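All chains are named by letter (A, B, ...) in the order of the sequence lines, taking the proteins before the strands, and each is independently numbered beginning at 1. As the structure is a prediction and not an experimental result, all values here were calculated from the model.
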There are 4 protein chains.
Amino acid sequence: MKKAKILENKRIKMTKLYDAAYELFTSNGVHNTVIDDIVKSAGVAKGTFYLYCKDKYDLVNKIIIRKSSTILNNAMKAVEKKKTEENFDFVQCVIYFADYLIEYFKKDKKLLELIYRNLSWELYEKVMHYEEMETAREAFIENFIHAGGNSLAAKYRLYLIVSMVGSVCYSSLVLNIPYKIDDVKEELYRSIKQILA
Amino acid sequence: MKKAKILENKRIKMTKLYDAAYELFTSNGVHNTVIDDIVKSAGVAKGTFYLYCKDKYDLVNKIIIRKSSTILNNAMKAVEKKKTEENFDFVQCVIYFADYLIEYFKKDKKLLELIYRNLSWELYEKVMHYEEMETAREAFIENFIHAGGNSLAAKYRLYLIVSMVGSVCYSSLVLNIPYKIDDVKEELYRSIKQILA
Amino acid sequence: MKKAKILENKRIKMTKLYDAAYELFTSNGVHNTVIDDIVKSAGVAKGTFYLYCKDKYDLVNKIIIRKSSTILNNAMKAVEKKKTEENFDFVQCVIYFADYLIEYFKKDKKLLELIYRNLSWELYEKVMHYEEMETAREAFIENFIHAGGNSLAAKYRLYLIVSMVGSVCYSSLVLNIPYKIDDVKEELYRSIKQILA
Amino acid sequence: MKKAKILENKRIKMTKLYDAAYELFTSNGVHNTVIDDIVKSAGVAKGTFYLYCKDKYDLVNKIIIRKSSTILNNAMKAVEKKKTEENFDFVQCVIYFADYLIEYFKKDKKLLELIYRNLSWELYEKVMHYEEMETAREAFIENFIHAGGNSLAAKYRLYLIVSMVGSVCYSSLVLNIPYKIDDVKEELYRSIKQILA
DNA sequence: CATGAATGAGACTTCATTCAT
DNA sequence: TATGAATGAAGTCTCATTCAT
């Protein structure tokens, strides 16, 4: 059918734009990437860009949402596996989750930079409220209450842990503040334990 | 004397530029502020700008360094006072320091945003290695060792605490992530205590 | 066809830029002509200029190459005609070639000035190695050898003659050094003869 | 006396400006040298520049006049010496004069470039009508008439020779057109002889 | 849908010149 | 005289966006 073909073509164009832009954004920064670079690299015409995106920042957001959802999903799957296969307890799961992300971003610092530098509340919302994330959050709170805590404290502590881990990653991996992430890890995981204690 | 007058004039020009730029950067963002806005607002000629700054980002850095040094100094003085007058112990001091900054940034969210969005390792270095800061860091480590810890763990825990506090401030105050800073505070300070435990 | 129309439009834009710039460069000098003058005079937008030229000096070069190629081609054709129709010998041809150029530049001093003031080795190369020029040069050397000379001497004498004629034209026509070109001509042609003797 | 001291001071300032500007003009070109470079390099204040020169181009002219007068004078003295000591005849003298200049400019290409690129009729006039030059010119014409020529032909041939030598120097030494001046010399001197024949 | 030439507002930066000291 | 901070007009170049094809 014609319609299917057209839709498929659109998807291809969009993907080309995503991929080209991602490469440029992470290599040269969003600020130093101009629409012309993107379309040239994607092999489409300039006008085409505007058929798919409002502007450069719209594209950055779309890319961040896509990438972070993927990573978070993978992290959650990995945690799930450990839980099932190795019987990880609650704290172990949280730490493993953090560790998964740290290991990932060690190999893809540029993405971490892209995400951090362009974070906004709207973006955070979208990423954090994907269905799977919601489930994971609820599991966290559930577990916490089980251990004798209250729902609010659970939320806050999760928030504190996420903030601490994210910020440490960013400082060590992107800003290159001279505390190597591997050196800090031990203390970081100890701190998570303490916060959850 | 003549020379003194000229130097005084230079200082005034510089201050006018700093103040105008600070106002514009915090109100509209660095990206949306153009040199023209700054000089118009400062009431100086465009060429004058380039007499004092290499470019816009040079000015941002200078402003950040100046502002953060002032705030950190004030925070340290306040802590010192508590220690002397109210006999605050080590952990209390750390928490009070965090609290001082949180309370400050609650009233000046825009500055926090400016600092965070333009942070780089070089900047961090400059701010963190002012003589007074160095003294405070050493005091922290000293205290920590006294309590039976080791120097490295001290450094890392300090780093973790700073990261957590900074990140929570930024998220709650700037990104407006819907955990009010005042609601999180209690858990935040508890977490600091735990990390230092 | 559509494509042809677009290409035609591009050619027109380019021509408009060339013509406007040529007029301004020769009237006011390259230094005193700014991009704004050119685009205003050509009736195109400023951005359009940068679609066709890297900068002002790129345009100067392009204009010089175009103009000098045309003139040299015409000169060569005129010589050819004399040779065929009036049986001009070698020395007569060389002198007629010089004379053709002198007469041309007498009517277009400004172009001579433009060419001389912006001459560089790369430009010289480009102009001198157009296919037709190459043929003429070879004919010169050929003739010279025929008359008992050697190839190297031929090249050098051609170079000396070109230098002398060019320089005299420039001094008399552009710098207005008070030897009128018509007064010097006789001695100039005698000198060419002597050099070729 | 005070007056003498003041005058001496002025002379020193002027010399500093000349020397600094000469260095910059020949190294970076007149176009790429700004007043600020000159005064900074000369170690005087910007305002001082305007006490001594109308503008940059005024200074270029002054420098060219000074430098070329010196060189031409030296050349003439050298010729005179050859004439007296080695009994050089007229043609030998002319060729030796050309050779002296060529050898000089081989060692100081930048000066040749400066002179050529900024030549104007007024400048040419000033340089050519220094008393000593006038004397040399007259000697040339005298000699020529002696040999049976007429005054006008003498002037024109001198003009042709000067043009040819100057232009060849400029092309070979400055534009780097790939005929090495040493390779062309033989033919150049032969041509001078022929023109004077 | 797709194209890419054209646009022109607007950003940055330079630098000759002035003038109060 | 000498200074050099201040000026601001003038220039270069960019790039998001449009629109005719």
(message) I want to confirm an ordering. Mapping A:Lys10 and B:Ile35 to their closest nucleotides on DNA chain E, which one lands closer to the 5' end?
(response) A:Lys10
(request) With the side chain counted from C-beta on, respond yes when D:Phe25 and D:Ile38 share a heavy-atom pair under 4.5 Å apart, and no when they do not. (result) yes
(message) Is there a side-chain contact between D:Thr48 and the phosphate of F:dT3, meaning an N or O under 4.0 Å from OP1 or OP2?
(response) yes
(message) Under 4.0 Å, counting only non-hydrogen atoms across every strand here, what does C:Leu51 touch: a base, just sugar-phosphate, or nothing?
(response) base
(message) Need one value for C:Asp55: base, sugar-phosphate or nothing, where a base atom within 4.0 Å counts as base even if backbone is also close, heavy atoms only.
(response) sugar-phosphate
(message) Would D:Lys13 pass as a cation-pi partner of D:Tyr52, given that its NZ or CZ must be under 6.0 Å from the six-membered ring centre and within 45 degrees of the axis?
(response) no
(message) From CG of A:Leu17 over to P of E:dA2, roughly how many Å is that when rounded to an integer?
(response) 10 Å
(request) Identify whether any heavy atom of C:Phe49 sits under 4.0 Å from a base atom; if not, whether one sits that close to sugar-phosphate; answer base, sugar-phosphate or nothing. (result) nothing
(message) Using side-chain heavy atoms (C-beta onward) and a distance below 4.5 Å, is B:Tyr22 in contact with B:Leu111?
(response) yes
(message) Can you see if the side chain of A:Tyr52 gets near the phosphate of E:dA2 - specifically, an N or O under 4.0 Å from OP1 or OP2?
(response) yes
(request) Take C:Gly43 and B:Tyr50, find for each the nucleotide of DNA chain E with the closest heavy atom, and name the residue whose nucleotide sits nearer the 5' end. (result) C:Gly43
(message) Would you say B:Lys13 places a side-chain N or O within less than 4.0 Å of OP1 or OP2 belonging to F:dA5?
(response) no
(request) Mind calculating the distance between CD (D:Glu8) and C1' (F:dT1) to the nearest angstrom? (result) 16 Å
(request) Check every atom of F:dT12, F:dG4, F:dT21 against the side chain of C:Val34 and return the nucleotide holding the closest atom. (result) F:dT12
(message) From the set E:dA5, F:dT12, F:dT7, return the single nucleotide nearest to any side-chain atom of C:Ile6.
(response) E:dA5
(message) If you define the side chain from C-beta out and look only at heavy atoms, does anything of C:Val127 sit under 4.5 Å from C:Ile115?
(response) no
(request) Describe the nucleic acid contact of C:Val44 in one word from base, sugar-phosphate, nothing, applying a heavy-atom distance below 4.0 Å. (result) sugar-phosphate
(message) A side-chain contact here means heavy atoms from C-beta on lying under 4.5 Å apart; do D:Tyr124 and C:Leu175 qualify?
(response) no
(request) For DNA chain E, just give me the dot-bracket, please: Watson-Crick or G-U, both distances below 3.5 Å, ( ) intra-strand, [ ] crossing earlier pairs, | paired with another strand, . unpaired. (result) .||||||||||||||||||||
(message) Are A:Arg11 and A:Leu7 packed together at the side-chain level, in the sense that at least one heavy-atom pair is separated by less than 4.5 angstrom?
(response) no
(request) Examine E:dA9: is either OP1 or OP2 under 4.0 Å from a nitrogen or oxygen in the side chain of C:Lys46? Give yes or no. (result) no
(request) Find out whether D:Leu17 and D:Phe49 are in side-chain contact, i.e. whether some heavy atom of one side chain is under 4.5 Å from a heavy atom of the other. (result) yes
(request) Send over the distance from D:Leu59 CG to E:dA16 C1', rounded to a whole Å. (result) 14 Å
